[in-house]
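Throughout, residue positions are numbered sequentially from 1 according to the sequence presented.
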Amino acid sequence: MDSRLKDLLREHHLEVKFLPIEKRGYIIPTPPDQPDILIINQDLSDEEAERVILHEIGHANDAFDIEDYKGNYSVRITSEDCANKYMVKQLVKKYAELGYDISNTNWLDFANSIGTEKYKTVRKELEKYCE
């Protein structure tokens, strides 16, 4: 796990555990004085694990109650959308910080390479670095 990702985890007061689970990952809320725990499937590649961790950090930014998430479809869809947008934003930021030529990056190829169908979000985030 790179230092940028570790910094984000610290900033959001989160801890990661890699375990043999069927899902890709999820977040376990804890008491306020404890870091929330991200459970990540131990069988994911490093790139997949990074995407899942970023997605779950996106959930940590949500103001939604876990019961609302579980019981209200609209809340769940909105929360998933926010988490996916956060992941995209962070991956584009990392890509730019690594020095890649954003102005010549094909947004569709980039979206596919990070495993998202949030094409408009990818294009919008890439454009931020071209201004």
remark   = Tightest non-hydrogen contact, residues Thr30 and Pro35, listed as OG1-O, 3.0 Å
query = Below 4.5 Å, heavy atoms only, C-beta onward: do Gln90 and Arg4 meet side chain to side chain?
reply = yes
message = With heavy-atom distances below 4.5 Å as the criterion, would you say the side chains of Asp101 and Thr105 are in contact?
response = no
request  = Please answer: with hydrophobic residues joined when any side-chain heavy atoms are less than 4.5 Å apart, are Ile40 and Ile28 in the same cluster?
outcome  = no
task = May I ask you to check whether over 12 heavy atoms, not counting those of Gln34, lie within 6.0 Å of atom CD?
result = yes
remark   = In short, Asn72 meets Ser74 closest at the heavy-atom pair OD1-N, 2.9 Å
task = Look at the side chain of Ser79 and the backbone N and O of Val75, then say whether any donor-acceptor pair between them is shorter than 3.5 Å.
result = no
request  = Would you mind reporting whether Asn84 and Thr121 have side-chain heavy atoms less than 4.5 Å apart?
outcome  = no
request  = Using a 4.5 Å cut-off on heavy atoms from C-beta on, say whether the side chain of Leu38 contacts that of Lys17.
outcome  = no
query = Going from CG on Leu5 to CZ on Arg10, what distance comes out if it is rounded to the nearest 0.5 angstrom?
reply = 10.0 Å
Heavy atoms from other residues, nucleotides or ligands near NZ of Lys124 exceed 12 (cutoff 6.0 Å) = no
query = So, do Ile102 and Cys130 sit near enough that their side-chain heavy atoms are less than 4.5 Å apart?
reply = yes
ask   = Hey, does Lys94 have a side-chain heavy atom less than 4.5 Å from the side chain of Glu50?
value = yes
query = What is the distance from atom NZ of Lys120 to atom CH2 of Trp107, rounded to the nearest 0.5 Å?
reply = 9.0 Å
query = So if you build clusters from Ile, Leu, Val, Met, Phe, Trp, Tyr with side-chain heavy-atom gaps below 4.5 Å, do Tyr95 and Tyr129 land together?
reply = yes
message = Tell me whether Phe18 shares a hydrophobic cluster with Val52, the cluster being built from Ile, Leu, Val, Met, Phe, Trp, Tyr side chains joined at under 4.5 Å.
response = yes
Distance in Å, Leu8 CG paired with Lys93 NZ, rounded so as to fall on 0.5 Å steps = 7.0 Å
key: Criterion side chain to side chain contact (heavy atoms under 4.5 Å, CB included) on Asn41 and Lys23, from CA distance to verdict   = CA-CA 7 Å; Asn41 185 320; Lys23 293 182 177 184; over 6 Å; no
inquiry  = Just to verify, which of Ile57, Thr116, Ile53 counts as forming a side-chain contact (heavy atoms from CB on, under 4.5 Å) with Met87?
reply    = Thr116
key: Hydrophobic cluster membership, Val122 vs Leu98, 4.5 Å side-chain cutoff   = yes
task = May I ask you to decide if the ring planes of His12 and Tyr86 are parallel, tilted or perpendicular, using 30° and 60° as cut-offs?
result = perpendicular
task = Would you indicate whether the side-chain heavy atoms of Phe110 and Ile114 approach each other to under 4.5 Å?
result = yes
inquiry  = Quick check on Tyr100: does its OH atom have over 12 non-hydrogen neighbours (other residues, nucleotides or ligands) under 6.0 Å away?
reply    = no
Distance, nearest 0.5 Å, that separates CG of Asn104 from CG of Asn106 = 10.5 Å
ask   = Under the side chain to side chain contact (heavy atoms under 4.5 Å, CB included) criterion, do Asp81 and Lys118 qualify, and how do the steps go?
value = CA-CA 9 Å; Asp81 185 58; Lys118 304 296 275 171; 2.2 Å; yes
query = Below 4.5 Å, heavy atoms only, C-beta onward: do Leu9 and Glu15 meet side chain to side chain?
reply = no
key: Transitive ILVMFWY side-chain link Leu108 to Leu126, under 4.5 Å   = yes
ask   = How far apart are the closest heavy atoms of His13 and Pro32, and which atoms are they?
value = NE2-O, 4.2 Å
query = If you round to the nearest 0.5 Å, how far is CG of Asp36 from CG of Leu14?
reply = 6.0 Å
inquiry  = Quick check for you: to the nearest 0.5 Å, what is the distance between Leu19 atom CG and Gln42 atom CD?
reply    = 7.0 Å
